[in-house]
Every structure is written in structure tokens, then in C-alpha cells.
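Sequential numbering from 1 along the given sequence is applied to the chain's residues. What you see is a predicted model; the values in this text were computed from it and never measured.
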Amino acid sequence: MKKIIIGCFVLFAAANAVFAAKVKRGGDANLTPYLNESDARAVCTDIVGQVIKSPRIERFSSQKGRDPIVTIGTIKDETGEFFDTQVIANSLKTAILKSGVLEFMANKDVRDAMRQEVIEQADHANEDQAKAIDDEDAADYMLTGSVKLMVQNNGKKQERTYVVNVELTDLQTHRTVDMFEPSEEVKDYLKKVADVKSR
């Protein structure tokens with residue numbers, strides 16, 4: 001009886017498995033049909049590389065005589081997989097800081113904590129060292145974006161393609177000044193093909 005139960009469990013597990021272990025995808029040897037952190041890093045490094053070459057960014061630097069300050073807004077998850085888009089946001093932030101061309105404004109929760117600290121400094125710190133209230137820098141642009149998923153079944157294969165789009169918006173005028181998506185060579189990171197086991 002015990003052998004029968006074990007045998008039934010093995011058959012049930014095999015029948016409900018969707019993806020086989022074999023997954024082909026570009027750029028990374030991780031055998032997974034899903035978007036992961038290494039994918040996000042590659043895509044965001046590529047996109048930020050495009051941002052810093054944008055004619056509008058170059059024009060801003062020449063006109064203002066300083067590097068533009070960028071902050072990150074909402075990155076929407078439209079994959080239906082409950083993908084943690086904070087991974088994308090963090091990868092964008094890292095790529096921005098490493099670019100040396102863009103300045104990054106701290107996230108809203110960090111800014112709120114820092115404002116409270118400045119308020120307390122005004123009451124308690126040495127006057128020569130206390131930071132001034134309402135004298136902080138402000139972002140010039142905001143990056144927002146989305147992650148979508150396209151699934152195509154072809155016999156025993158399933159192709160899953162993640163689509164990442166990033167939008168650059170002027171915070172003064174609220175105009176969209178540029179839009180970005182991964183370059184062709186980097187899109188390969190977002191295309192995953194897996195064997196599909198028959199039920």
C-alpha cells in the first residue's frame with residue numbers, strides 16, 4: 001500500500017509540472033523561465049545607458065551647467081506574476097549612480113526621514129553644523145515604467161517574453177521627454193523558451 005501511495009504521488013507531481021528543467025534564454029545560465037534579478041540588472045544598465053545619451057539630457061547639462069537630478073516613480077507590474085518591481089527600481093538606481101552623468105534623488109521615504117532629522121537639528125544641533133530647513137535639492141526628471149509579459153505556446157515549447165518600458169518625464173512641465181526600451185541585444189535576456197510537459 002505504501003508503494004502505491006508513493007507511486008501515485010510521483011505521477012501526480014509529474015502530471016502537474018508545466019516547465020521542464022531545460023530552459024533556453026540569452027545571457028544567463030540560470031535555468032528559469034521567469035524574470036530574475038540578473039535580467040533586471042542587465043536591462044536597467046542598458047536603459048540608463050540610453051537615458052544618459054538622450055539629446056534632452058545632454059541639452060539640459062549644457063544649458064544648466066550641471067548634471068540633471070533624477071528620481072524613480074512607480075514601476076508597474078503588468079505581468080500577472082506578482083513580480084517585485086522594486087528589483088527594477090533598485091537596478092535603475094544602481095545604474096544611475098554608476099553612470100556618473102545623472103544625479104539621483106533619494107526615495108520619498110528616505111527624504112521624509114531626512115527632513116525630520118533636519119527639523120531636530122534646528123532645535124538641538126550646533127548652529128554652525130545644523131542643516132538648513134527647506135534648502136534641499138529637487139529632482140528634474142522622474143523615471144517611471146512597466147513590465148509586461150507576452151506568452152506564446154508553440155507545440156511543446158512555450159516562449160515567455162518580458163517587455164520593459166521606461167519613461168522620462170520633466171517634473172516642471174509634466175511632459176514626457178523620452179521613452180526607452182531594452183536594445184535588441186539585451187532583449188534576448190527577456191526571452192525565455194521552456195519545454196512544456198504534457199499533462
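- Tyr162 has its ring centre no less than 6.0 Å from the ring centre of Phe83.
- Across all non-hydrogen atoms, the minimal contact from Ser183 to Asp46 is N-OD2, 2.8 Å.
- Annotation for Arg175: atom CZ does not count as buried by contact number, only 12 or fewer foreign heavy atoms lying within 6.0 Å.
- The shortest non-hydrogen separation linking Asp170 to Gln172 is OD1-N, 2.8 Å.
- Between the side chain of Glu37 and the backbone N or O of Val87 there is no donor-acceptor pair closer than 3.5 Å.
- Distance CD1/Ile88 to CG/Leu143: 12.0 Å, rounded to 0.5 Å.
- Across Ile96 and Ser99, no two heavy atoms sit closer than the pair O-OG, 2.7 Å.
- Although no hydrogens or angles enter the test, the distance criterion places no donor-acceptor pair under 3.5 Å between the side chain of Lys148 and the main chain of Glu78.
- Ser61 contributes a side-chain N or O that, together with a main-chain N or O of Ile57, makes up a donor-acceptor pair within less than 3.5 Å.
- Listed for the Glu103 side chain is no donor-acceptor partner under 3.5 Å among the backbone atoms of Asp67.
- Side-chain N or O atoms of Thr45 include none that pairs as donor or acceptor with a backbone N or O of Ala42 at under 3.5 Å.
- Proximity of a side-chain donor or acceptor of Lys131 to a complementary backbone N or O of Gln129 within less than 3.5 Å is detected.
- Contact record, Tyr189 with Asp39: O-OD1, 3.5 Å, taken as the closest heavy-atom pair.
- Using modelled atom types and a 3.5 Å distance limit, the side chains of Thr85 and Asp77 yield no donor-acceptor pair.
- No side-chain donor from either of Asp112 and Gln116 sits under 3.5 Å from a side-chain acceptor of the other.
- Looking at Asn107, its side chain never comes within 3.5 Å of a backbone N or O of Asp109 through a donor-acceptor pair.
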